[in-house]
Every structure is written in C-alpha cells, then in structure tokens.
2 protein chains.
Amino acid sequence: MNIERALQLLKEKGYKRTRQRERMLEIFTGQDHYIAAKAILKKIQEDFPSVSFDTIYRNLYLLTDEEILEATELEGEKHFRLACDTYGHHHHFICTDCGKTKSIAFCPMEQVNENLAEYEVENHKFEIYGKCPQCQV
Amino acid sequence: MNIERALQLLKEKGYKRTRQRERMLEIFTGQDHYIAAKAILKKIQEDFPSVSFDTIYRNLYLLTDEEILEATELEGEKHFRLACDTYGHHHHFICTDCGKTKSIAFCPMEQVNENLAEYEVENHKFEIYGKCPQCQV
DNA sequence: AAATAATTCATAATCATTACGATTTAAAAT
DNA sequence: ATTTTAAATCGTAATGATTATGAATTATTT
C-alpha cells in the first residue's frame, strides 16, 4: 500500500481528502512497524497541535475498514500499520520493543487437521513475538 | 488442572487459601470456556457481594502467573480459563459468542520455515475464531 | 491465644477508547 | 467565484476495563 493508492481508494469511496488523513498516511509510509494509536496521535500533533482523539481513532478505523491499514492488539493497545502487499494473506513476526514486523508467508490454517467440521470458522490469528535484531540486548 | 492440584500449588508457594480463591477455582472447574474478568466478578459476587475488583484481578493474574489459569485477550477484554492438561503445548479454537474452546494440537511454529535466525523469538499466538455448534444461527 | 504477614475491601485513579454537539472545511453545484 | 451541503474536525466529556492505595480483616505461624 502506498499513499497514492490509499488516497485514490478513499476518493472512490467518496471520502474527503483532509490534511490530517494525508499526514496519517505519511506517518505510516515506509514503515514496517506496528504503531500504537497513541503514538500516531503524538506524531500528528506535531503538525496539528489541536487534533483530537476522535479524529485519530475514527480515521484509524476507517482506514482499517478500507484495508489501507492492518490492525492488531498488543498489550491491550491497538496498533496499526500500512497493509502489506508483498504477497497475499500472511502473518507477522512482531518485535515487542519497537513493533517492527517481518512477514511470514506460511499460514497455519493450511495445516490444521483437527476436525472443525461442526465449527464455523470465521477468523484466525497467528503472530510471533520477540526482539528484532536492533532491539536485542 | 483441577481444584485440588491448584490449591496444592498455591500452598507450596506460600499463598493463603481464601474462600474467594476457592470460589474462583470452582467457577472455572469443568468449563472449557474462556470467561471475561468481568463475568468472574459477577459470579463471585453471588456468594461474596462485597468482593472488589482488586481481589478478582489480582487473583486472576496470580493464578495465571502460576500457570493454573490461561489468559487471552478477546475484543479488548482479558479472558481466562483453567490451564488445559489434555496434552502439552497447544492452541485453541475459540467461540466468539460464548468463549467455548476446542483444543488444536497442531502448533504452527513447527512449520515456519521463514528465516528468523536474527530474530529472538519469545512467544507466539495462534487462535482460530468462530462459532461453536451451539452458537451457530 | 497472640503475632505476622498476606489478603481483602472500599474507593479512587488511570488509561485507552468512544461519543457528542458545535464549528469548520473539502468538494460539488450553481 | 460563490454558495451549498455533507463530511470531517475540534473540544470536551463519558465510558469501560484495569490498576492502585490505605485501612481493615483473615489465614497461617509461633
């Protein structure tokens, strides 16, 4: 995902192009880290000191719904990153210090041979946690 | 995990045997469901109307640290269940309605062949979400 | 039965998140 | 270029889960 494509997607859906949204996308661009909602807020306040929680959260969820961002919950806080498009469905190693991610192509759902016939599977989560090379002691 | 063993473990560590703790363990016994902290509180209040948040949360975390309970975070709320001892390390299907679980013996870490040599893996999470037979529409 | 150390209770504080009404602003229509 | 209008933002307050605190209580040890 890149800014151009994100803005295009938003336009197609009739959403307005606001400076706050552009700035949010800029913050995410080029990052392969998950970032806490709180951290996004702080970053944006550097340019828009009066931006409110509402704006940030509303937009984070909007962008996630539109699949421009990916979300995950780490230690009770929601974190976000630009949706990856290196390959399709995949998972992540996530650094518990800095949020840096490494993509894991393998999806465990292919291998589960437990009998789940009577269960209606809707979703799954596979994440590996640890320290990236930069964050090791 | 069963009550006797849990109480034994607590005793060995020098923790006191309180009525509240016994009641908590009773509530979990025989359940293969993840239960929200809030729900535990309500249940215990039936017997101890004046029990406080503090008691519940402190004990849920204590029991989790002692590996008597297992915890997971579902929709921003922590949920708990008795640690399974059907077999060793494993994962769960979790019903998003009632919290009922089904054990999944397969662990995806065995299959990951991405090169994580430079990454210090500490932990992982694999959960499948959906509706159990009882909760399907 | 007394001592002591852990535990609980009652309540307040914190932290992330969500909600709301008034105001502003981007984009469409004139 | 101006007006219109619907969406978005701001400022602030509310909510909900969780954590913290200090005094009172209780299980265990002496």
Original post:
Does the ring center of B/His91 lie less than 6.0 Å from the ring center of B/Phe126?
Top reply: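 Between B/His91 and B/Phe126, the centre distance is under 6.0 Å.
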**OP:** Estimate the overall bend of the helix from C/dA1-D/dT30 to C/dT30-D/dA1 from the end axes over five pairs each, rounded to 10 degrees.
**Re:**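 Taking the rotation axis at each end, their angle is 30°.
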Original post:
Short question: side chain of B/Asp85, backbone of B/Met1 - any donor-acceptor pair under 3.5 Å?
Top reply: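 Yes; judged by distance alone, with no hydrogens or angles, the pair exists.
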**OP:** With B/Thr101 as reference, evaluate B/Arg81, B/Glu127, B/His79 under the side-chain hydrogen bond (donor to acceptor under 3.5 Å, both in side chains) test and give the passing residue.
**Re:**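 Single pass found, and it is B/Arg81.
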Assess whether atom [atom1] of [X] is packed by more than 12 heavy atoms of other residues, nucleotides or ligands within 6.0 Å.
X	atom1	result
A/Glu12	CD	yes
B/Lys43	NZ	no
B/Arg58	CZ	yes
A/Glu67	CD	no

Take the protein atom [atom1] of [X] and the nucleotide atom [atom2] of [N], then report the distance between them rounded to whole Å.
X	N	atom1	atom2	answer
A/Arg23	D/dA8	CZ	C1'	19 Å
A/Gln45	D/dC10	CD	C1'	12 Å
A/Asp47	D/dT9	CG	C1'	16 Å
A/Leu62	D/dA7	CG	P	13 Å
B/Glu22	D/dT26	CD	C1'	14 Å

**OP:** Report yes if a side-chain nitrogen or oxygen of A/Ser50 is closer than 4.0 Å to either non-bridging phosphate oxygen (OP1 or OP2) of D/dG11; otherwise report no.
**Re:**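 Looking at the OP1 and OP2 atoms of D/dG11, one of them is under 4.0 Å from a side-chain N or O of A/Ser50.
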Original post:
A/Arg58 or B/Lys11: which one's nearest nucleotide on DNA chain D is closer to the 5' end?
Top reply: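 Looking at DNA chain D, the more 5' nearest nucleotide goes with A/Arg58.
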Subject >> Euclidean distance, A/Glu22 CD relative to A/Asp47 CG, rounded to 0.5 Å >> reply: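 The CG atom of A/Asp47 sits 11.5 Å away from the CD atom of A/Glu22.
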Original post:
Could you state the interatomic distance from CD1 (A/Ile94) to CG (A/Asp32), rounded to the nearest 0.5 Å?
Top reply: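 Those atoms lie 11.5 Å apart.
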Original post:
If you look at every strand shown and take non-hydrogen atoms under 4.0 Å, does B/Arg21 touch a base, only sugar-phosphate, or nothing?
Top reply: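 Answer is sugar-phosphate: B/Arg21 comes under 4.0 Å of backbone atoms only.
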Original post:
Should the ring pair B/Phe53 and B/Tyr57 be called parallel, tilted or perpendicular, given that the plane angle runs from 0 to 90° and is split at 30 and 60?
Top reply: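 Because their plane-to-plane angle lies in the 30° to 60° range, the rings of B/Phe53 and B/Tyr57 count as tilted.
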Subject >> First and last nucleotide of DNA chain C, 5' to 3', lying under 4.0 Å from heavy atoms of chain A >> reply: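 Reading along DNA chain C, I get C/dA16 to C/dA27.
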Original post:
Regarding B/Gln8 and B/Glu4, is there a side-chain donor-to-acceptor distance under 3.5 Å anywhere?
Top reply: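 No pair is found: no donor N or O on one side chain lies under 3.5 Å from an acceptor on the other.
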**OP:** Mark up nucleotides 14-22 of chain D, 5' to 3', with B wherever a protein heavy atom is under 4.0 angstrom from a base atom, S wherever such an atom reaches only the sugar-phosphate, and - elsewhere.
**Re:** ---SSBBB-
